[in-house]
Amino acid sequence: MLEKTYDPATLEKEWYQYWENSGCFAPSGKGKPYCIMIPPPNVTGHLHMGHAFQQTLMDILIRYHRMKGYNTLWQVGTDHAGIATQMVVERQLIAENQSRHVIGREAFLDRIWQWKNESGGNITRQLRRIGASVDWSKERFTLDEGLSKAVIEVFVQLHQEGLIYRGKRLVNWDPVLKTAVSDLEVESEDENGSLWYIHYPFPEGSGSVVVATTRPETLFGDVAVAVHPEDPRYRALIGKMLQLPLTDRLIPVIADDSIDPAFGTGCVKITPAHDFNDYAMGARHSLPQLNIMNLDATLNDAVPKAYQGLDRFVARERVIKDLNALKLIEKIEPHILKIPKGDRSGAIIEPLLTDQWFVKVETLAKPALEAVENGNIKFVPDNWSKTYFEWMRNIQDWCISRQLWWGHRIPAWYDDAGNIYVAKDEAEVRIKYKLAATLPLRQDEDVLDTWFSSALWPFSTLGWPENTELLQTFYPTQVLVTGFDIIFFWVARMIMFGLKFTNEMPFETVYIHGLIQDQNGQKMSKTKGNVIDPIDLIDGIDLPALIQKRTYGLMQPQLAKAIEATTSEEFPNGIPAYGTDALRFTYATLATSARFIRFDLKRIEGNRHFCNKLWNAARFVLMNTEGKMGDESTVKSWSTADNWIVSAWQRVKLAVEKHLGEYRFDLAAQALYDFTWNEYCDWYLELTKPVLNSMNENSTAAGARFTLITILEEMLRALHPFMPYITEAIWQKVAPLSGISGKTIMLQPYPESSVECHDLKAEADIEWLKSIILAIRNIRGEMNVPPSKRVPVLFFNGNSEDQTRIKNYSEWLSALAKLESLHWLKPDDTRPPAATALVGDLEILIPLGGLIDKDAEINRLQKEIDKLNKELEKAKQKLSNTNFVENAPKDVVDQEIARQLEFTASLAKLNGRLEEIKNS
RNA sequence: GGGUGUUUAGCUCAGUUGGUAGAGCGUCGCCCUUACAAGGCGAAUGUCGGGGGUUCGAGCCCCUCAACACCCACCA
């Protein structure tokens with residue numbers, strides 16, 4: 001027997017260990033392969049709501065397919081997350097008054113590896129807590145030996161084919177991290193700034209041209225002023241020279257179509273080394289690129305002495321002040337502009353000319369685009385493919401070098417003359433390029449963008465470039481489960497590299513789930529202080545601990561107070577423990593096709609109740625079956641209820657299969673929830689009670705026991721992918737009673753729908769029975785008749801089928817509607833004053849006796865009559881429309897006619913009853 | 001500027017080829033009823049964002065407007 005109360009904490013503890021230790025997570029080696037690659041979380045990270053949500057969905061798919069007999073692999077692993085991880089450890093050093101530059105590259109890397117080894121287990125421990133059935137024996141890390149080998153292989157090959165090149169380009173430079181970042185790692189935000197109108201005088205000594213700029217400090221890098229070629233104000237000036245203020249340089253006026261004459265003055269200063277637009281224009285006009293900044297965004301020695309070494313924003317103030325003194329500022333306008341910031345550091349990005357490595361993506365993008373266009377790779381929901389197309393059709397070369405230490409070091413070597421050699425390692429370089437052993441070579445200092453190794457994840461984890469058995473079996477993988485925020489960062493690049501290096505799609509389907517937000521629709525973030533740790537939902541947490549967690553280690557400590565206040569308001573008692581299964585089930589029900597998902601504690605609370613419901617239903621079943629089960633052959637007869645619940649269950653299984661096939665976890669979960677609670681518990685269990693308690697020798701108790709246990713056992717299997725722990729715990733007790741042996745539910749087959757089990761007559765009978773019971777309960781409820789009070793019921797005016805059914809099912813009627821007695825009235829019997837309900841033609845009377853208030857019943861009837869009248873009006877109106885009668889399909893018209901007749905008949909009866917009771 | 005979404009009950013959301021508007025939570029009654037008070041039974045609640053169109057019929061299809069959200073892009 002199960003414990004009296006459902007306690008997730010104790011039952012979740014045992015099972016994961018057991019599953020893992022018995023190798024249940026490893027591929028079976030039998031059946032069609034089914035493989036999902038985990039989007040590798042940052043190795044030093046910790047689980048957040050998004051992870052837990054995503055991993056739950058993957059685990060549902062994995063457990064479902066494993067039970068369906070697939071050879072299932074959920075490949076697990078973590079990412080080295082270059083910038084993010086390096087930043088964490090750098091911050092630690094700073095706290096110790098150290099810096100990576102002081103301790104040096106080697107010591108710094110040692111330090112990160114040490115940190116990785118200490119905290120790298122966090123995320124995997126947490127994965128276990130949510131029940132993720134990943135194959136731990138195959139765990140990988142993007143910086144491990146095998147994956148590094150794959151990275152080098154890819155780099156060398158792409159370089160050889162000319163698809164990776166090195167060049168001095170304008171890139172997004174993060175002056176705080178002192179590294180280049182890709183376009184995707186830059187986030188632009190609107191900010192209030194100014195537009196400065198500056199005079200650029202003619203060298204002749206009088207007059208000037210006024211240019212408008214948001215970045216006056218870059219004036220030192222100006223190499224031209226551009227105007228629109230058709231602009232009548234400036235046409236005559238094209239080709240003339242201007243005096244660049246604060247300098248002794250002269251720069252030309254040039255003409256370019258891209259200039260908007262309506263903006264500012266129609267004159268634009270051109271700074272090719274510090275602006276992407278100007279860079280392109282510079283290229284068009286063969287202008288020099290004049291870099292005026294150092295790597296930390298201070299001005300370099302290309303600017304006048306007075307400004308050298310100043311930070312760009314200090315320099316700005318200085319330039320404005322000096323221009324003002326020279327009366328060269330015409331005016332200043334407030335202006336809203338986009339400020340580019342690094343997504344990690346938050347530093348304002350500076351376009352800077354540096355030597356970097358790039359992937360030439362155009363040729364890689366073409367097949368990747370086609371793979372989605374022709375449906376070889378499907379996005380679910382489908383509209384995400386549009387987002388993918390938009391980006392891929394306008395794709396720019398990818399800057400892959402990072403001036404960091406933590407990552408895959410670029411396999412390129414330089415000699416003193418600056419020649420570049422690319423190969424697997426230095427020895428190979430010397431062989432490949434036939435270099436003398438004595439020629440000094442130094443390796444490129446830079447590492448690769450983290451996403452470069454992530455792009456190889458689907459095949460590098462399986463052993464590529466070796467043609468391993470794993471790779472042969474599980475590649476291409478079946479589905480990628482991820483958020484839309486990394487479609488460009490990751491999904492697109494996996495498709496490009498997958499097609500390039502394996503000639504196959506890395507996955508068949510990309511399922512894009514929504515992003516979790518807090519209950520107010522805000523993104524969960526540390527600075528907002530609204531983060532919820534999924535583990536705290538499982539175990540619970542008290543308010544002080546929650547506040548401590550949310551305010552600890554804030555980048556902006558001044559936010560702590562506000563966070564404490566909102567947290568206290570929102571969770572005055574902390575967060576109660578809900579258990580893993582309730583959390584997982586909640587994630588499933590939240591996985592609609594919506595883009596953003598608001599996480600509300602109410603939902604998880606409801607689902608903990610669902611767990612409890614299931615638990616108690618199982619207790620009821622066990623209580624009535626343990627020690628009382630024969631095998632199926634001893635069952636003499638099946639009741640209508642048995643046949644009904646079996647039949648209804650088939651539909652549910654079918655629905656679940658359909659919904660999971662379409663990645664509608666919400667609908668699948670909903671279908672199971674509804675059946676479990678609203679059919680199995682609310683009706684079937686209640687219907688078995690009179691049978692199980694009956695003293696009658698010929699009763700169908702054996703059939704009820706058998707049905708109770710077999711349906712429950714199947715429900716557990718069907719629910720297992722959603723709620724692995726509770727289903728396993730219950731199943732252990734239930735399975736033996738239903739004649740099933742097995743060590744664990746997770747390796748049992750997933751229940752399948754069977755058409756032969758459909759029983760339409762039983763379904764119709766039980767639907768009828770339900771409506772009679774509901775009608776009586778409605779009267780009872782409306783009249784406030786307490787459940788303990790049994791009532792007499794009179795039936796009147798029904799057809800022969802009603803009579804048969806009432807005869808057959810009177811025991812159920814009495815039990816579920818709490819009847820004291822049950823009689824048929826003949827047409828000429830006198831009817832006592834009574835409350836009335838209708839089910840089809842059948843009239844149900846509950847005599848007023850002392851328990852029903854006459855006026856209340858009059859009100860109730862009148863309400864009912866009003867409702868019917870409205871419906872009748874609608875039906876009449878439709879049928880009086882000749883267009884409808886002539887054009888609508890016959891069955892729709894017939895249905896409307898039937899409705900009209902039914903409403904009319906019902907109204908006649910109810911009105912009669914109303915008169916009777918008024919006159920009584 | 002380009003693109004993609006969202007708008008349905010008090011709240012959070014379903015609504016699958018157009019055919020009688022649903023769930024959970026909350027609210028309001030009556031109940032400790034031998035699985036479950038983490039529960040049972042009953043009830044109330046919607047001009048499906050606005051306007052137009054197609055159709056016998058629109059929450060669903062088309063057009064348009066509005067609000068909100070997100071993504072991409074070089075307006076100095």
Side-chain angles (χ1 to χ4, degrees), chain A residues 2 4-6 183-184 188 195 211-215 226 258-260 262-271 275-281 335 337-338 351 383-384 386-387 389-391 394 484-485 487-488 515 519 521 576 582 589-590 592-603 605-624 658-659 662 664 666-667 670 673-674 678 681-682 685-686 689 693 774 777-789 818 863 871 874-875 878 881-889 891-893 895-896 899:
Chain A
L2 297 167
K4 184 146 171 46
T5 50
Y6 163 61
D183 303 345
L184 289 173
S188 290
L195 193 56
V211 303
T213 179
T214 55
R215 298 205 59 193
S258 69
I259 303 301
D260 174 6
F263 187 90
T265 60
C267 298
V268 185
K269 67 190 222 33
I270 303 303
T271 323
D275 183 286
F276 288 98
N277 268 331
D278 297 359
Y279 182 80
M281 195 181 300
H335 182 69
L337 72 164
K338 299 269 189 214
N383 54 283
W384 288 112
K386 290 183 192 166
T387 304
F389 291 149
E390 276 302 308
W391 191 67
N394 302 300
F484 60 81
D485 51 336
I487 289 178
F488 307 146
L515 265 29
Q519 73 279 13
T589 59
L590 290 174
T592 66
S593 47
R595 231 159 235 232
F596 294 102
I597 295 158
R598 295 185 185 206
F599 193 89
D600 188 343
L601 281 190
K602 294 286 185 208
R603 296 291 293 267
E605 190 179 341
N607 287 322
R608 185 182 55 175
H609 294 176
F610 178 58
C611 292
N612 188 53
K613 189 76 182 176
L614 181 65
W615 184 263
N616 282 296
R619 289 186 62 240
F620 172 84
V621 173
L622 290 170
M623 198 173 285
N624 285 286
K658 174 179 183 285
H659 293 138
E662 293 166 352
R664 287 303 302 266
D666 60 325
L667 299 179
Q670 189 64 43
Y673 180 101
D674 277 343
N678 304 122
C681 290
D682 284 354
L685 245 51
E686 295 304 322
K689 284 179 183 173
N693 296 332
L774 288 172
R777 281 179 182 169
N778 175 279
I779 294 174
R780 298 183 60 119
E782 292 279 277
M783 298 300 140
N784 282 343
V785 178
S788 52
K789 179 74 187 167
K818 301 271 179 200
K863 213 167 63 183
E871 291 297 315
K874 272 204 245 167
K878 267 193 174 177
N881 179 353
T882 52
N883 278 329
F884 171 72
V885 180
E886 281 165 20
N887 293 314
D891 55 329
V892 173
V893 178
Q895 190 192 327
E896 212 54 42
R899 275 163 54 85

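Just so we're on the same page: letters track the sequence lines, and every chain starts at 1. None of these values were measured; they are calculated from a predicted model.
- Here Phe610(A) pairs with Phe585(A), Tyr673(A) under the ring-ring contact (aromatic ring centres under 6.0 Å, His included) rule; sequence neighbours left out.
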Give me, pair by pair, the N or O atoms of the protein and of nucleotides 30-37 of chain B that are less than 3.5 Å apart, along with how far apart they are.
residue: C30(B); atom: O4'; partner: Asn784(A); partner atom: OD1; Å: 3.3
residue: A35(B); atom: OP1; partner: Lys689(A); partner atom: NZ; Å: 3.4
residue: A35(B); atom: O2'; partner: Asn616(A); partner atom: OD1; Å: 3.0
residue: A35(B); atom: O2'; partner: Arg619(A); partner atom: NH1; Å: 2.9
residue: A35(B); atom: N7; partner: Lys689(A); partner atom: NZ; Å: 3.4
residue: A35(B); atom: N6; partner: Cys681(A); partner atom: O; Å: 3.4
residue: A35(B); atom: N6; partner: Glu686(A); partner atom: OE2; Å: 3.4
residue: A35(B); atom: N3; partner: Asn616(A); partner atom: O; Å: 3.2
residue: A35(B); atom: N3; partner: Ala617(A); partner atom: N; Å: 3.3
residue: C36(B); atom: O4'; partner: Asn616(A); partner atom: OD1; Å: 3.1
residue: C36(B); atom: O4'; partner: Asn616(A); partner atom: ND2; Å: 3.4
residue: C36(B); atom: O2'; partner: Asn612(A); partner atom: ND2; Å: 3.1
residue: C36(B); atom: O2'; partner: Asn616(A); partner atom: ND2; Å: 3.3
residue: C36(B); atom: O2; partner: Lys613(A); partner atom: NZ; Å: 3.0
residue: C36(B); atom: N3; partner: Lys613(A); partner atom: NZ; Å: 2.9

Under 3.5 Å between N/O atoms: give me all the protein pairs with nucleotides 16-19 of chain B, atom names plus distance.
residue: U16(B); atom: O2; partner: Lys658(A); partner atom: NZ; Å: 2.7

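- In terms of the side chain to side chain donor-acceptor pair (under 3.5 Å) criterion, residue partners of Asp183(A) (sequence neighbours excluded) are, by chain and number, Asn172(A).
- Residues satisfying the ring-ring contact (aromatic ring centres under 6.0 Å, His included) test with Phe484(A), not counting sequence neighbours, are Trp384(A), Phe596(A).
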Scan nucleotides 2-4 of chain B against the protein and return all N/O pairs shorter than 3.5 Å with their distances rounded to 0.1 Å.
residue: U4(B); atom: O2'; partner: Arg595(A); partner atom: NH2; Å: 2.6

Nucleotide N/O of nucleotides 6-13 of chain B paired with protein N/O under 3.5 Å:
residue: U12(B); atom: OP1; partner: Arg598(A); partner atom: NH1; Å: 3.2

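- In this structure, Phe610(A) reaches neither bases nor backbone, as no heavy-atom distance under 4.0 Å exists between it and the strands shown.
- On the P atoms, C70(B) is 31 Å away from C25(B), given to the nearest whole Å.
- The salt bridge (charged side-chain N to carboxylate O under 4.0 Å, His left out) test applied to Glu662(A) returns Lys658(A), not counting sequence neighbours.
- Taking atom P in both U47(B) and G22(B), the straight-line distance is 16 Å, to the nearest Å.
- Under the ring-ring contact (aromatic ring centres under 6.0 Å, His included) criterion, His335(A) pairs with Phe263(A), sequence neighbours left out.
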Symbol by symbol from the 5' end, with Watson-Crick or G-U pairs under 3.5 Å, [ ] crossing and | another strand, RNA chain B is (((((((..((((.....[..)))).(((((.......))))).....(((((..]....))))))))))))....
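- Residues satisfying the salt bridge (charged side-chain N to carboxylate O under 4.0 Å, His left out) test with Arg598(A), not counting sequence neighbours, are none.
- Not a single side chain to side chain donor-acceptor pair (under 3.5 Å) links Lys789(A) to another residue, sequence neighbours left out.
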